[in-house]
Amino acid sequence: MATSLADVRGALTMISRVPFNAEAPPAALAGEVTPTPLHYVRSNFPFPAHDGTVTIGGAVSNPMTLTLDELRLLPALERTVTLECAGNGRLAQTPLPAGEPWGRYAVSTARWRGAPLHQVLRRAAPSPDGLEVTFEGADHGRYARHEDISFVRSLPLSLASDPASDILIAYEMNSEPLNREHGAPFRLIVPGWYGMASVKWLKRIDVISGRYEGEFQTNHYVYHHADHSSEPVTLMHVRARITDPAPGSAISAGTYRVRGKAWSGAGPVTSVGVSITGGGEWQAAELEPPSGPHHWQDWSFEWRSATVGRHTLRARATDAAGHTQPEAPPWNRLGYGNNAVELQYVDVY
Ligand SMILES: Nc1nc2c(c(=O)[nH]1)N[C@H]1C(S)=C(S)[C@@H](COP(=O)(O)O)O[C@H]1N2
Ligand SMILES: [Mo]
């Protein structure tokens, strides 16, 4: 079933109409994969026109322009990937930073199919002094102090040409041709990274021999910390979410199996702790092994003898890199990367 913009707008919570930004409903996190109409949408500019080709150039010895059909001729790779906007959770930061007022649902998971980026790059034959690769979307417009810029991001050439990074030029999402809001006819998918790296409506790929310093690389999508240090936004921070009981729900007294999701851009989640008291006391949840390298994991916790009254549930994940979640939202000027432990209170009857 193809999804029209009207369907999408009905299922999602609108953040802004033009450019179209919309948050997923809690149901987006219910299953292994988020149904396409429930997948959050983030765009910096109005949806663009696209001529159906992508050009690979810059410091390469074999520049080329490829159509969708030509991309489809390359061996296809399919990967299930959790995508989270770096601004997810911004509303919980204090003082509130500028930027789209995302609540907690700018996160979703989809099955992407496309051409492996490393194969496309290999055919173009990057020159030995190549350092980074820039990816340009067809979307553009007025932004910050710029009259008219397009959405461009870069990645290190070493990462872009590494088969193990699983970076795709994706043309299918959940077994259907990519739709307009998610980047038709094709987009980049960079597993493990916050969503800004996954450039939609991909139009140009250029190998460059220096560092890319465009607006969306060195001004936006940068952590400007309170101490004035800064660093680029890259991998998704480790995070757990309670999905059941749902926010604001009431349950009956007794035993209840609490369920949730957990994810991290830095390798699998290795443990999830649940607290039902506030103030600490983390008890180990049962964590499902990842069913793929790049998507969220299920966890559950047997909550015994829930007594009548209000209870405070929290979940905290730790990943393979040893990172865990902070208790308080980390503040930075543009409000990125908030992975603080979330509180969900539940009324028991
Ligand atoms: N061309 C283009 N690609 C883009 C963006 C954009 O504004 N323009 N936004 C990025 C951001 S910030 C995110 S979080 C993801 C969101 O992808 P989705 O809309 O498919 O969920 O797209 C990324 N790719
Ligand atoms: Mo984003």
Side-chain angles (χ1 to χ4, degrees), residues 3 5 8-9 11-16 18-24 28-29 33-50 54 81-90 97 99-103 105-112 114 134-144 146 149-155 167-174 176 178-205 214-217 219-223 232-237 265 334-338:
T3 47
L5 193 55
V8 169
R9 285 180 170 171
L12 303 177
T13 303
M14 180 87 76
I15 301 282
S16 82
V18 181
F20 185 58
N21 286 296
E23 195 159 306
L29 281 82
V33 165
T34 307
T36 303
L38 305 189
H39 195 292
Y40 84 93
V41 180
R42 194 318 179 221
S43 335
N44 284 277
F45 299 112
F47 296 149
H50 194 287
V54 58
V81 177
T82 295
L83 214 58
E84 180 179 18
C85 183
N88 194 29
R90 179 177 287 127
E100 301 298 319
W102 296 109
Y105 288 93
V107 57
S108 302
T109 296
R111 219 168 48 246
W112 307 95
T134 59
F135 302 89
E136 180 177 356
D139 53 331
H140 62 95
R142 179 184 287 275
Y143 192 93
H146 309 276
I149 55 168
S150 44
F151 189 83
V152 185
R153 289 277 314 174
S154 76
L155 290 173
I167 301 173
L168 296 178
I169 301 177
Y171 43 73
E172 273 179 29
M173 177 183 187
N174 298 333
E176 288 170 1
L178 198 56
N179 66 23
R180 194 174 190 209
E181 54 272 20
H182 292 295
F186 30 70
R187 72 176 300 172
L188 206 62
I189 288 291
V190 185
W193 285 53
Y194 277 116
M196 74 281 145
S198 294
V199 176
K200 304 195 278 189
W201 311 292
L202 190 58
K203 187 178 131 173
R204 280 202 68 92
I205 299 175
E215 175 67 38
F216 298 102
Q217 195 78 25
N219 290 338
H220 276 78
Y221 304 111
V222 172
Y223 296 112
V233 175
T234 58
L235 300 181
M236 294 183 294
H237 291 158
L334 296 173
Y336 297 126
N338 175 13

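Whatever order the structure lists them in is the order used to number ligands and atoms, beginning at 1.
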(request) Determine yes or no for a side-chain-to-main-chain donor-acceptor pair under 3.5 angstrom, with R90 supplying the side chain and P97 the backbone. (result) no
(message) Just to confirm my output: which protein heavy-atom neighbour is closest to atom 24 (N) of ligand 1, and how far is it?
(response) S198 O, 3.0 Å
(message) Tell me the protein heavy atom at minimum distance from atom 3 (N) of ligand 1, and give that distance in Å.
(response) K200 N, 2.8 Å
(message) Any side-chain to backbone donor/acceptor pair from Y40 onto Y105? Under 3.5 Å, distance only.
(response) no
(message) Strictly distance-based, threshold 3.5 Å: is any side-chain N or O of E136 a donor or acceptor partner for the main-chain N or O of S150?
(response) no
(request) For the residue pair F216 and F151, categorise the inter-ring angle as parallel (less than 30°), tilted (30 to 60°) or perpendicular (more than 60°). (result) tilted
(message) So if I count the atoms of ligand 1 from 1 in the order they appear, which ones are less than 4.0 Å from some heavy atom of N44?
(response) 6 (C), 7 (O), 9 (N)
(message) Could you tell me, atom by atom, which parts of ligand 1 come under 4.0 Å of a heavy atom of W201?
(response) 1 (N), 2 (C), 8 (N)
(request) Supply the atom-to-atom distance T109 OG1 to L38 CG, rounded to the nearest 0.5 angstrom. (result) 12.0 Å
(message) How far is atom 12 (S) of ligand 1 from the closest protein heavy atom, and which atom is that?
(response) Y221 OH, 3.1 Å
(request) Select the closest option to atom 21 (O) of ligand 1 among F20, W112, Y40, judged by heavy-atom distance. (result) Y40
(request) Report yes if S43 has an N/O atom closer than 3.5 Å to an N/O atom of ligand 1; otherwise report no. (result) no
(request) Indicate, as side chain, backbone, both or neither, the part of P19 found under 4.0 angstrom from ligand 1 when only non-hydrogen atoms are considered. (result) neither
(request) For C85, take its heavy atoms, then give the atoms of ligand 1 lying under 4.0 Å from any of them. (result) 14 (S)
(message) With nothing but distance in play, are any N or O atoms of R42 less than 3.5 Å from an N or O of ligand 1?
(response) yes
(message) Checking the side chain of R187 only, and the main-chain atoms of S198 only, is there a donor and an acceptor separated by less than 3.5 Å?
(response) yes
(request) Among all protein heavy atoms, pick out the one at the shortest distance from atom 23 (C) of ligand 1; state its residue, atom name and that distance to 0.1 Å. (result) G195 O, 3.2 Å
(request) Considering the heavy atoms of V199, write down every atom of ligand 1 situated less than 4.0 Å from one of them. (result) 1 (N), 3 (N), 24 (N)
(message) Test of understanding: given a 4.0 Å heavy-atom threshold, classify the contact between H39 and ligand 1 as side chain, backbone, both, or neither.
(response) side chain
(message) Which residues pass the side chain to side chain contact (heavy atoms under 4.5 Å, CB included) test with P46, not counting sequence neighbours?
(response) V18
(message) As a quick check of understanding, evaluate side chain to side chain donor-acceptor pair (under 3.5 Å) for R42 and N21, giving each step before the final call.
(response) CA-CA 5 Å; R42 194 318 179 221; N21 286 296; 3.2 Å; yes
(message) Check this for me - ligand 1, R187, N or O atoms closer than 3.5 angstrom, yes or no?
(response) yes
(request) Between D139 and ligand 1, find which residue part has any heavy-atom pair under 4.0 Å and reply side chain, backbone, both or neither. (result) side chain
(request) Please state whether the rings of W201 and F47 are parallel, tilted or perpendicular, taking 30° and 60° as the class boundaries. (result) tilted
(message) I need the single residue from R180, E23, K200 that forms a side-chain contact (heavy atoms from CB on, under 4.5 Å) with V41. Which is it?
(response) K200
(request) Check each of M196, E181, H182 against atom 18 (P) of ligand 1 and report the one with the nearest heavy atom. (result) H182
